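The structure displayed is predicted, hence computed values, not measured ones.
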Amino acid sequence: MRYRIEHLSQHRLRIRVQNGALTEYSREILDYALNGIPGVRKVIFYPATGGIGIAFDGPAEEVTRRLDRLRFDNVTMMAGQIEADPSIDMEELRQRRLSPELKSRLRRRILLESAADMLLPMPVQMGYHLYQLITLREI
């Protein structure tokens, strides 16, 4: 990966990617890749400038060696594939809310299953829950 070291201390490294600003999808892929480096504790992105802050334990040489081996063209290719795929991403899932009707049905089901667990004998409870696990109903 082509980058420039902006700041280096004993446990923190701040770099600037020379390819320019980072897209949302390239940040997501880089976050996964950089957190996979042994010793990396935290990764912070500065999207407008293409900057990345990396907090790590251990020698800085290991982190920079792994950064040198990372191919940014693979990151941009994968980001393009994710952007082209219209599937639901994690951010959209976080923003979605449950409707009041669905919440009411879920509460009712939880209450009924809790009452059944309290009243039914243990072998019947285990059989029912085993059946749910095997069939994975309504999940």
Side-chain angles (χ1 to χ4, degrees):
M1 180 166 91
R2 296 187 60 187
Y3 64 94
R4 183 177 69 239
I5 296 177
E6 297 288 322
H7 178 75
L8 176 63
S9 66
Q10 189 173 1
H11 295 290
R12 191 164 184 332
L13 170 69
R14 188 168 42 90
I15 63 172
R16 178 154 302 150
V17 178
Q18 291 186 353
N19 297 28
L22 299 169
T23 66
E24 175 188 351
Y25 301 110
S26 61
R27 285 193 311 265
E28 185 178 323
I29 293 167
L30 278 174
D31 185 49
Y32 176 78
L34 295 176
N35 278 309
I37 296 174
V40 170
R41 287 183 287 132
K42 186 175 182 181
V43 178
I44 301 171
F45 290 94
Y46 306 100
T49 62
I52 304 171
I54 304 170
F56 59 91
D57 294 324
E61 293 80 24
E62 175 66 22
V63 176
T64 56
R65 187 173 58 80
R66 296 282 183 120
L67 284 172
D68 291 338
R69 290 191 332 205
L70 183 67
R71 296 191 48 179
F72 194 75
D73 53 339
N74 287 345
V75 171
T76 54
M77 180 210 40
M78 291 172 63
Q81 287 178 351
I82 292 173
E83 192 170 359
D85 184 13
S87 63
I88 299 173
D89 62 348
M90 292 303 293
E91 184 63 31
E92 185 176 346
L93 286 175
R94 279 189 218 108
Q95 291 176 352
R96 288 187 177 190
R97 300 284 184 243
L98 295 176
S99 67
E101 299 85 33
L102 181 58
K103 285 181 182 180
S104 176
R105 283 185 19 218
L106 287 172
R107 282 189 196 105
R108 196 173 329 118
R109 182 174 176 178
I110 291 170
L111 285 173
L112 288 173
E113 285 202 21
S114 298
D117 283 343
M118 288 175 49
L119 299 175
L120 293 175
M122 182 62 139
V124 176
Q125 290 177 26
M126 290 304 296
Y128 174 69
H129 291 299
L130 184 63
Y131 172 75
Q132 283 182 321
L133 283 172
I134 291 172
T135 60
L136 295 175
R137 276 186 97 170
E138 298 179 20
I139 292 181

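- Here the closest non-hydrogen pair linking Pro47 and Arg27 is CB-NH1, 3.1 Å.
- Not counting sequence neighbours, the partners of Tyr128 by the side-chain contact (heavy atoms from CB on, under 4.5 Å) test are Glu113, Gln132.
- Hydrophobic clustering, with ILVMFWY side chains joined whenever heavy atoms are under 4.5 angstrom apart, groups Val17 together with Ile5.
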Applying side-chain contact (heavy atoms from CB on, under 4.5 Å) to Leu67 and Ile54, what does each step give before you reach the verdict? CA-CA 11 Å; Leu67 284 172; Ile54 304 170; 4.2 Å; yes

Pair Phe56, Leu13 - check side-chain contact (heavy atoms from CB on, under 4.5 Å), show working. CA-CA 8 Å; Phe56 59 91; Leu13 170 69; 3.8 Å; yes

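- A donor-acceptor contact shorter than 3.5 Å links the side chain of Thr64 to the backbone of Ala60.
- No donor-acceptor pair closer than 3.5 Å links the side chain of Ser26 to the backbone N or O of Leu22.
- Residues Glu62 and Arg65 are paired through a salt bridge, judged by an N-O separation under 4.0 Å between the basic side chain and the carboxylate.
- No side-chain heavy atom of Leu120 sits less than 4.5 Å from a side-chain heavy atom of Asp117.
- The hydrophobic cluster containing Leu70 also contains Leu8, counting ILVMFWY residues as joined when their side-chain heavy atoms lie under 4.5 angstrom apart, directly or transitively.
- Every residue was checked against the side-chain hydrogen bond (donor to acceptor under 3.5 Å, both in side chains) condition with Thr76, not counting sequence neighbours, and none meets it.
- Of all non-hydrogen atoms in Ile29 and Val75, the two that sit nearest each other are CD1-O, 3.8 Å.
- Atom CE of Met126 is surrounded by 12 or fewer heavy atoms from other residues, nucleotides or ligands within 6.0 Å.
- Under the 4.5 Å side-chain heavy-atom criterion for ILVMFWY residues, a single connected hydrophobic cluster contains both Ile37 and Phe45.
- Side-chain heavy atoms closer than 4.5 Å link hydrophobic residues (I, L, V, M, F, W, Y) into clusters, and following such links, possibly through other members, connects Tyr25 to Met77.
- With a 4.5 Å cut-off on side-chain heavy atoms, Asp68 and Tyr3 count as touching.
- Between Phe72 and Leu30, the shortest heavy-atom distance links the atoms CE1-CD1, 3.7 Å.
- Annotation: the span from Leu106 atom CG to Leu102 atom CG amounts to 4.5 Å, rounded to 0.5 Å.
- Within the 4.5 Å cutoff, side-chain heavy atoms of His11 are placed close to those of Asp57.
- Atoms CZ and CD1, on Arg2 and Ile15 in that order, are 13.0 Å from each other to the nearest 0.5 Å.
- Here the side chain of Asn35 pairs a donor or acceptor atom with the backbone of Asp31 at under 3.5 angstrom.
- Closest of all the heavy-atom pairs between Gly53 and Arg12 is CA-NH1, 3.7 Å.
- With sequence neighbours excluded, the residues satisfying side-chain contact (heavy atoms from CB on, under 4.5 Å) with Arg107 are Lys103.
- Side-chain N or O atoms of Arg16 include none that pairs as donor or acceptor with a backbone N or O of Arg4 at under 3.5 Å.
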Apply the test side-chain contact (heavy atoms from CB on, under 4.5 Å) to residues Arg105 and Arg108: give CA-CA distance (whole Å), side-chain angles for both, the deciding distance (0.1 Å), then the verdict. CA-CA 5 Å; Arg105 283 185 19 218; Arg108 196 173 329 118; 4.1 Å; yes

